Amino acid sequence: MTTPLVEMDGDEMTRILWKMIKDELLLPFVDLKTEYYDLGLPHRDETADQVTIDSAEAAKRLGVAVKCATITPNLKRMDEYKLHEMWKSPNGTIRSILDGTVFRTPITIPSIKPVVKNWEKPITIARHAYGDVYKSVELRADEPGVAKLVFDGESGKHEEVVIHNFKGAGVLQGMHNVDKSIRSFAHSCFKFSLDTKQDLWFSTKDTISKKYDAQFRIIFEEVFEQDYKAKFEELGLEYFYTLIDDAVARVIRSKGGYIWACKNYDGDVMSDMVSTAFGSLAMMTSVLVSPDGKYEYEAAHGTVTRHYYRYLEGEQTSTNPMATIFAWTGALRKRGEMDNLADLQNFADQLEGACFDTLNEGICTKDLANLMEGVEVKSVTSADFIAAIRERLEKRLG
């Protein structure tokens, strides 16, 4: 390697897997260069979350980052970790700074058939990575009163609408987005569609949200007509917009093999649905692509808290490391592409191949054991699974 990756370490069981993957599958084979940031919750708390901001700025500077799963604390976590503050989602912070689009695609193998029987090809979720509930502000209304949405423009323009006239206690929330980010989202989706030669579907709920969601639809239409329509027609690709509820119905009836673009929260939920229907949350790639060509690869699932508590009690767990391994391979391959390092790109390909070799022989973690068909299944611990991958990687590398 010549240029470092930004390495964003994480929390709980995925942090344990992170170290195992580095020790067994990376450091013995790669002259690994990283700029390390500890995004574990205790260190985020120690730095007042400045480390998260610093890691995102480093990703902008170095161009490629790889991230472990992290905790977004709630009240229970705040007490458990004795936090100074209920810190916001590190993913939300990083995505806001990079202002990109998250593309998530299931990792598929022949022995695991999708729950939706007619799905023949993977479905890629393109998730907007800015705004919505992840940048929202909230209030608890603990008495009767009037809640208003107010905008004061720099020109002196003043607009306000009544949100609700509270007769008793309640809650309210304000969300925002910006045209610039929505436009970047649209460009990323259309470019990715052209690059992968897949149709693009886009869905919101503009029949209900006639300003917020409608603005997404309007901008997507503008960008498509101005910059991409001719290219799509040339390649025989289709772009269409539909309501989110209609999109869900179409997705379930489809054969797969397209990109489904969603707003931030919709993409969060739908990517979990798609990955689980294809097999497991741990069997999905996830990459954030910024408009200026910066990349952050991550595992799309959580920190596997239940397994971590068992690990702390001295138990061996069977936690699936595939998504985390593929975060590393994605980042290493992209670093190799950017720095013109063919050997590094080849290593990423061979490591992924070794993962598939292992799974295709029926060696898997517990979450996949009951899903496999047509192979003799051997369920193993995380450590044994990674050891099996290393054995096959060494064979591939000669």
Side-chain angles (χ1 to χ4, degrees), residues 101-128 185-186 188-203 220 224 228 231-262 266-289 297-301 320 322-323 325-327 329-330 333-334 348-349 351-353 355-360 364 367-368 370-375:
T101 299
V102 179
F103 294 96
R104 290 180 171 171
T105 307
I107 302 167
T108 59
I109 55 175
S111 59
I112 297 180
K113 308 300 182 188
V115 173
V116 182
K117 300 301 183 185
N118 44 282
W119 285 357
E120 298 174 359
K121 298 178 182 178
I123 298 166
T124 297
I125 299 289
R127 173 185 172 187
H128 188 211
F185 174 41
S188 294
C189 291
F190 289 122
K191 286 176 181 175
F192 195 83
S193 180
L194 291 172
D195 288 345
T196 59
K197 295 181 174 56
Q198 296 181 92
D199 293 340
L200 176 66
W201 303 11
F202 179 48
S203 61
F220 262 72
F224 179 67
Y228 297 99
K231 296 173 186 174
F232 267 61
E233 290 176 350
E234 183 182 327
L235 291 175
L237 299 177
E238 180 183 19
Y239 163 69
F240 72 86
Y241 169 82
T242 188
L243 296 174
I244 183 74
D245 42 341
D246 178 59
V248 170
R250 286 174 179 250
V251 165
I252 296 301
R253 291 196 302 265
S254 76
K255 293 185 177 181
Y258 50 82
I259 300 157
W260 180 12
C262 298
D266 293 345
D268 191 1
V269 175
M270 295 308 168
S271 64
D272 281 2
M273 183 271 287
V274 167
S275 63
T276 303
F278 270 101
S280 169
L281 281 172
M283 296 286 284
M284 175 169 270
T285 64
S286 181
V287 57
L288 172 69
V289 184
Y297 294 82
E298 62 174 345
H301 57 70
N320 192 334
M322 283 286 289
I325 294 172
F326 273 60
T329 56
R333 184 182 294 108
K334 181 56 66 176
D349 294 341
L351 178 49
E352 289 182 4
C355 291
F356 287 125
D357 292 344
T358 306
L359 290 170
N360 289 336
C364 64
D367 61 317
L368 302 180
N370 293 330
L371 303 175
M372 287 185 162
E373 302 173 4
V375 292

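Not measured: the values here are computed from a predicted model. Positions are given from 1 along the sequence.
At most 12 heavy atoms of other shown residues, nucleotides or ligands fall within 6.0 angstrom of atom CG in Asn370.
Look at Asp195 and Lys191 and you find no salt bridge, because none of the NZ, NE, NH1 or NH2 atoms lies under 4.0 Å from a carboxylate O.
Side-chain contact between Ile109 and Phe356 is present, with heavy atoms from C-beta onward closer than 4.5 Å. Taking the side chain as every heavy atom from C-beta outward, Glu373 and Ile112 never approach each other to under 4.5 Å. Using a 4.5 Å heavy-atom cutoff, the side chains of Leu194 and Leu237 are in contact. In this structure, the side chains of Met284 and Met322 stay at 4.5 Å or more apart for every pair of heavy atoms. Contact check for Ser286 versus Val102: side-chain heavy atoms found under the 4.5 Å cut-off. Proximity of Asp272 to Leu281: side-chain heavy atoms (C-beta onward) are separated by under 4.5 Å at one or more points. Side-chain contact between Cys262 and His128: absent, with no pair of heavy atoms (C-beta onward) separated by less than 4.5 Å. Annotation: side chain of Trp260 is in contact with side chain of Val251 (closest heavy-atom distance under 4.5 Å).
Between the side chains of Thr329 and Glu352, at least one donor N or O lies within less than 3.5 Å of an accepting N or O.
Within the model, atoms OH of Tyr228 and CZ of Phe220 stand 10.5 Å from one another, a figure rounded to the nearest 0.5 Å. Rounded to the nearest 0.5 Å, atoms CE (Met372) and CG (Asn360) are 7.5 Å apart. Taking CD1 of Ile259 as the start and CH2 of Trp201 as the end, the distance is 12.0 Å to the nearest 0.5 Å. Summarising the geometry, atom OG1 belonging to Thr285 is positioned 13.5 Å from atom CD1 belonging to Ile325; distances are rounded to the nearest 0.5 Å.
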**Request:** Show the numbers, then the answer: is there a salt bridge (Lys or Arg N to Asp or Glu O under 4.0 Å) between Arg104 and Glu298?
**Result:** CA-CA 10 Å; Arg104 290 180 171 171; Glu298 62 174 345; 3.5 Å; yes

**Message:** Working note: Phe185 + Phe103, criterion ring pair (Phe, Tyr, Trp, His ring centres under 6.0 Å); need CA distance, chi angles, decisive distance, verdict.
**Reply:** CA-CA 11 Å; Phe185 174 41; Phe103 294 96; 8.3 Å; no

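For the side chain to side chain contact (heavy atoms under 4.5 Å, CB included) with Phe278, the lone residue among Ile107, Val115, Ile123, Leu371 that qualifies is Ile123.
A centroid separation of 6.0 Å or more is found between the aromatic rings of Phe232 and Tyr239.
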